[in-house]
Amino acid sequence: MMTRMSAMLPINTRGMWIGTFHGLCNRMLRAHHRDAHLPATFQILDVADQLASIKRLLKAAGIDDEKYPPKQVQNFINGAKEEGLRANDVEAHDGFQRRLAEIYALYQDQCDREGVVDFAELLLRSYELLQRHAPVREHYQRRFRHILVDEFQDTNRLQYRWLRLLAGGGAAVLAVGDDDQSIYAFRGANVGNMADFERDFSHPEVIRLEQNYRSHGHILDAANALIENNEGRMGKNLWTDQGHGEPVRVVESLSDAAEAQWVVGEIQALIADGKSRHEIALLYRSNAQSRVLEHTLFSAKIPYKVYGGLRFFERQEVKHALAYLRLMENPHDDTAFSRVVNFPARGIGARTLENLADAARQGNTSLYGAVARVAGKGGANLAQFVGIIDRMRFGTQNLPLPEIVSVMLEDSGLTAHYKLEKEGAERLENLDELVNAAAAFNADEPVDPELQADVLTPLAAFLSHAALEAGDNQANEGQDAVQLMTIHASKGLEFEAVFVTGLEEGLFPHENSILEQSGLEEERRLMYVAITRARERLYLGFAQTRMLHGQTRYPLRSRFLDELPAPALKWITPKVSRVDEASYDRASAWRDSAWPERTRSAPARPAAHQGYAGGSQAGIEVDGQVFSIGQAVEHARFGEGVILALQGSGTQAQAQIRFAQAGTKTLALGVAKLTPR
DNA sequence: GAGCAACGTGTTTTT
DNA sequence: CACGTTGCTC
């Protein structure tokens, strides 16, 4: 972004602060770490680090992690922080919540002791800094006379308050947002910030941007019609003067594999037509869906690039390496310490670590600080580990960053370890890549000259970078490749041709979201985002069978397809490939009956979405008992459930049933004892 | 304490 | 399916 700004503007951009809220808060906290009561070397915990930290805490405090699941504790803490609440401020309505608040307090103590901050803490700390330190606040209020916030609908309450503080000196604020593209409520985003903005900031002026310069008419019509189904919108209607363009293609496939096959075939045709690969995007609801697509693209030798998924800095070996680097920066970082104290294995087992944790608690010190207090063989091994860390710390002080990383990889034993591992080749490559990333990283973020800020070591700056960026931009630059990503990751981007796959109930909208209206509406906004990524050509695909969690599912077509306007659509059924012929009869049988009416009518809001199931039948009879999709049933062991799909007949008949308690199961109807309810 | 096999369990989206 | 946890053996 900085590069692009510099190229576009005739002014010097070096004084501008450009970044995510988290990035800017990090920067501010680095510059004022003393006022923020943080050590100069504070490290950032990503989601996984935070979870590990919580688990460690629960164990140390002897708290039952069955009763207080670490994930839930994590959500509680982050939720509170995003509302600007410290442990003391949390309103607890029952004993359970009171206990959670206590755990929150303990967790915060632990973080403070270790000199680490989680993502939400970056924001909250920075907010408190501005609030409590008038000189700092006034400095930034004077310094930033103009503030622009993009994707404003994705800001949370704390970010909003942070912004108000920062702009409190009368800065001109421009907020750009689209309430229909709010897709991060699940992590605390508050669309209400848009309305609050109009209320709270002086002389608000609202400019509606309704002319769309990106997508052709049919695509916009589809997007507009879909989003109409949401309630409580601020309201807008996109239009274009580019004409209708091509219809939106809706593609039905027999299986997820067949869908991928068809997509790849179509991509080959597009490329043959002269389209660039990087102008073609494959979007999906969840990362797991990329596998089939990747596999098929790979077989077809089409270059592709996957964004997101398991990201570079989140890979196991990279996290191990980062933990060593963190210990070199701050040996009292217990999270990092625990992660690698026995990796590679050095004879330090659970027993020794328990002794160490006890010693640390008694001496009120970090694990690193308590090593000398552990006796015996374990103690000797620990001392050896500390020796390695200290040698790396002091032996690399004046080396350039990439060399620090290289030395660490050798001295820690990571390289040696992965050389011996049979699947270690790729991991070694990633560790090499980490050295490259360090070399490519330039830590010359301009620090405010007016502040006598402590200069970050290049290593500390690199570690922040690793935590905040997670390696999204690691795409092979220059390579013309088809773009694969989740719809979330696609926001803000655009492509000539877009494929959205997996438009199936349970997947998109996701089954965890369909029970509540707010969840369903967020899914719909997600679909809206997906549609509006396309400039000229849009494909929407769904499959009759899909492999999920290792078992085949027979999903219903997504309700969102039924919400699109028929005149903007063109339905396509791919020719059946030889592989799929076996299942073809069944498929065509229902298509003849159920398909045409449903597709043409496209009710604006189907009262009860019953749809059909791909390879599955609408109804089935077994031993005189009739089962149908959507029917409520009861099972002796699993309790109440709803039939999601039916397949086969006679003794082969199976039903996929979603049970309220037991989850989704596939049962043989001839065997399972089901009673209709 | 290490390493392996069996088992169970959840499992969306992310700064 | 893919991960983590548990239990077992050496």
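We name chains A, B, ... by the order of the sequence lines, and we start the count at 1 in each one. All heavy atoms count here, side chains included; hydrogens, waters and symmetry mates do not.
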Stepwise ring-ring contact (aromatic ring centres under 6.0 Å, His included) check, A/Tyr418 with A/His320: CA-CA 12 Å; A/Tyr418 286 122; A/His320 284 320; 7.1 Å; no
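Within the 4.0 Å cut-off from OP1 or OP2 of B/dA2, at least one side-chain nitrogen or oxygen of A/Asn342 is found.
A/Tyr184 comes within contact range of the sugar-phosphate backbone alone, with a heavy-atom separation under 4.0 Å but no base atom that close. Among the heavy atoms of the strands, none lies under 4.0 Å from A/Leu526.
Nearest-nucleotide mapping onto DNA chain B: of A/Arg187 and A/Arg346, the residue sitting toward the 5' end is A/Arg346. Of the two residues near DNA chain B, A/Gly349 and A/Gly23, the one whose nearest nucleotide lies more 5' is A/Gly349.
For A/Glu82, there are no salt bridge (Lys or Arg N to Asp or Glu O under 4.0 Å) partners, not counting sequence neighbours. Scored by the ring-ring contact (aromatic ring centres under 6.0 Å, His included) test, A/Phe186 finds A/Tyr184, A/His488 as partners (sequence neighbours excluded). For the side chain to side chain contact (heavy atoms under 4.5 Å, CB included) test, residues two or more places apart in sequence or in another chain that qualify with A/Asn512 are A/His510. Taking A/Glu317 as the reference, A/Arg427 meet the salt bridge (Lys or Arg N to Asp or Glu O under 4.0 Å) condition, with sequence neighbours excluded.
Atom SG of A/Cys111 sits about 8.5 Å away from atom CG of A/Leu57, to the nearest 0.5 Å.
Residue A/Phe343 contributes atom CZ, which lies 13 Å from atom C1' of B/dG3 at whole-angstrom precision. To the nearest angstrom, C1' of B/dT14 lies 11 Å from CG of A/Asp46. Atom CD in A/Glu151 sits about 19 Å away from atom P in B/dT13, given to the nearest Å. Regarding A/Leu353, its CG atom lies at a distance of 8 Å from the P atom of B/dG1, rounded to whole Å. The separation between A/His22 atom NE2 and B/dT14 atom C1' is 10 Å, rounded to whole Å. Separating the NE2 atom of A/His465 from the P atom of B/dT15 is a distance of 13 Å, rounded to the nearest angstrom. Atom NZ of A/Lys377 is separated from atom P of B/dG1 by 7 Å (rounded to the nearest Å). With rounding to whole Å, A/Arg525 atom CZ is found 18 Å from B/dT13 atom P.
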Output one letter per nucleotide in nucleotides 2-10 of chain C: B when a protein non-hydrogen atom lies under 4.0 Å from the base, S when only the sugar-phosphate is that close, - when neither is. S--S-----
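A/Phe42 carries A/Arg30 over the face of its six-membered ring, with the cationic atom under 6.0 Å from the centre and within 45° of the normal.
Of the candidates B/dT14, B/dT15, B/dA2, the closest approach to any side-chain atom of A/Val47 belongs to B/dT15.
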Check nucleotides 6-12 of chain B against the protein and report each pair of N or O atoms closer than 3.5 Å, with its distance, or say if there are none.
from: B/dT11; atom 1: O2; to: A/His549; atom 2: ND1; distance (Å): 3.4
from: B/dT11; atom 1: N3; to: A/His549; atom 2: ND1; distance (Å): 3.0
from: B/dT12; atom 1: O4'; to: A/His510; atom 2: NE2; distance (Å): 3.2
from: B/dT12; atom 1: O2; to: A/Arg285; atom 2: NH1; distance (Å): 2.6
from: B/dT12; atom 1: O2; to: A/Arg285; atom 2: NH2; distance (Å): 2.4

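The aromatic ring centroids of A/Phe337 and A/Phe385 lie less than 6.0 Å from each other.
Using a 4.5 Å heavy-atom threshold, the side chains of A/Thr501 and A/Val292 count as separate.
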